[in-house]
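Side-chain atoms are counted along with the backbone in the values below, which use heavy atoms only and exclude waters and symmetry mates. Order of the sequence lines sets the chain letters (A, B, ...), proteins ahead of strands, with each chain counted from 1.
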There are 2 protein chains.
Amino acid sequence: MQLTNTGEYALRAMLYLGSHPMGTIVPISEVSKNAIVPENFLRKIVGLLAKARVIRSVRGASGGVGLAKPPESLTMYDIIEAVEGKIYLNQCLMGSHICALSSTCAVHSIWCEAQEALKKVLTSRTLADLCALTTYTT
Amino acid sequence: MQLTNTGEYALRAMLYLGSHPMGTIVPISEVSKNAIVPENFLRKIVGLLAKARVIRSVRGASGGVGLAKPPESLTMYDIIEAVEGKIYLNQCLMGSHICALSSTCAVHSIWCEAQEALKKVLTSRTLADLCALTTYTT
DNA sequence: CCATACATGACAAAAATTGTCATGTATGGC
DNA sequence: GCCATACATGACAATTTTTGTCATGTATGG
């Protein structure tokens with residue numbers, strides 16, 4: 001029941017990207033150094049973030065990655081979901097085909113409530129909120 | 001970011017134990033059959049639940065396991081914590097020695113808030129609540 | 001055309017999860 | 001006391017997930 005390194009890395013990378021003016025493109029190698037994420041692993045994470053349209057990538061010389069949307073419209077949940085998939089505290093929340101008791105089971109309804117409480121917090125804060133309180137000293 | 005099998009098994013086992021009058025002792029083999037948990041694995045889980053004083057175990061002939069407290073005073077969180085350890089959505093929440101930025105990092109504070117929201121739901125429901133809506137047809 | 005930089009999939013090491021099993025200990029009933 | 005029943009515990013192992021590395025390919029600016 002814990003965030004993976006992948007998620008943590010993604011957050012750190014996004015925090016670094018968010019510290020630049022919208023539209024800025026920085027190479028992955030630079031993100032890797034500043035967010036302290038293994039470069040080769042970051043390339044995979046970047047792939048996930050790009051697929052989820054959280055960042056955009058530019059190939060070729062002077063290419064790199066940057067935010068795909070303004071930081072005000074990217075929630076913390078968006079970032080986590082992009083790299084770790086949707087949050088399901090319990091398998092039974094993934095769909096009624098997993099657990100036929102969904103409609104009557106008391107445990108199911110509590111997991112559901114807990115999950116909603118968690119997601120509510122994570123969707124209530126944007127990358128802009130996070131960046132406002134985080135400064136990079138380079 | 002998901003409950004493990006261990007946690008799910010523990011909940012199911014507790015649900016079965018909770019369906020009996022307080023004080024009842026049933027053998028692990030019986031719990032295994034009714035909660036549908038591999039017996040040998042259940043023995044390990046039972047060890048954790050006993051160590052956390054969530055259940056009590058009785059050795060010897062006509063021994064077995066039973067609730068250590070009335071189901072009204074056992075929360076869903078108690079059960080999860082007993083087998084999976086305390087919930088930490090992010091490593092940085094485990095203590096200030098893990099992440100020195102705890103006091104100023106905006107991400108930290110949001111994880112903290114999300115974790116509290118999650119724990120609040122899980123501690124608000126007792127085993128009695130769960131059992132009230134779950135019936136065993138034997 | 002070539003240096004730079006992203007894209008992607010194969011591969012692999014490490015860790016966590018999910019079990020099994022053997023050995024030992026305790027207890028009730030005969 | 002003896003023995004069948006049942007929990008206690010730690011060693012061992014299979015599987016899955018996580019966490020990476022690396023090679024190959026593609027795109028682009030100069």
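Note on B/Asn40: a base of the nucleic acid sits closer than 4.0 angstrom, heavy atoms only. Backbone-only contact: B/Thr6 has heavy atoms under 4.0 Å from sugar-phosphate atoms and none from a base.
The shortest distance between the side-chain N/O atoms of A/Thr4 and the OP1/OP2 oxygens of D/dT19 is below 4.0 Å.
In this entry the distance linking CG of A/Leu3 with P of D/dT17 reads 18 Å, nearest Å. A/Ile45 places its CD1 atom 15 Å from the C1' atom of C/dC6, with the value rounded to the nearest Å. Between the CZ atom of B/Arg59 and the P atom of C/dT27 there is a distance of 8 Å, rounded to whole Å. A/Glu84 places its CD atom 13 Å from the C1' atom of D/dT19, with the value rounded to the nearest Å. As rounded to whole Å, 18 Å separates atom P of D/dT17 from atom CD of A/Gln2. Taking atom CE of residue B/Met1 and atom C1' of nucleotide D/dT17, one finds them 15 Å apart after rounding to whole Å. Put simply, CG on B/Leu42 is 9 Å from P on D/dC7, counting in whole angstrom units. Atom pair A/Phe41:CZ and C/dA14:C1' shows a separation of 12 Å (rounding to whole Å applied).
In this entry D/dG30 has C/dC1 as its Watson-Crick or G-U wobble partner, both defining distances falling under 3.5 Å. Applying the Watson-Crick and G-U wobble criteria (two distances, each under 3.5 Å), D/dA13 pairs with C/dT18. Pairing partner, D/dA6: C/dT25, with both Watson-Crick or wobble hydrogen-bond distances short of 3.5 Å.
Taking CG of B/Leu17 as the reference point, atom OG1 of B/Thr24 lies at 9.0 Å (rounded to 0.5 Å).
Side chain of B/Thr123 to backbone of B/Lys119: a donor-acceptor contact under 3.5 angstrom is found.
For the residue pair B/Glu8 and A/Asn90, a side-chain donor N or O sits within less than 3.5 Å of a side-chain acceptor on the partner.
For A/Pro27, counting side-chain heavy atoms from C-beta on, the closest listed nucleotide (D/dC7, D/dG20, C/dC6) is C/dC6. When distances are taken from the side chain of B/Ser57 to each of D/dT19, C/dG19, D/dA8, the shortest belongs to D/dA8. Listed nucleotides: D/dT5, C/dC6, C/dT17. Nearest to the side chain of B/Ala61: D/dT5.
We find that B/Lys33 and B/Glu39 are not joined by a salt bridge, their nearest charged nitrogen and carboxylate oxygen being 4.0 Å or further apart.
Here the closest non-hydrogen pair linking B/Leu67 and B/Leu74 is CD2-CD1, 4.3 Å.
DNA chain C is contacted by both A/Glu39 and B/Tyr9; A/Glu39 maps to the nucleotide lying nearer its 5′ end (nearest heavy atom per residue).
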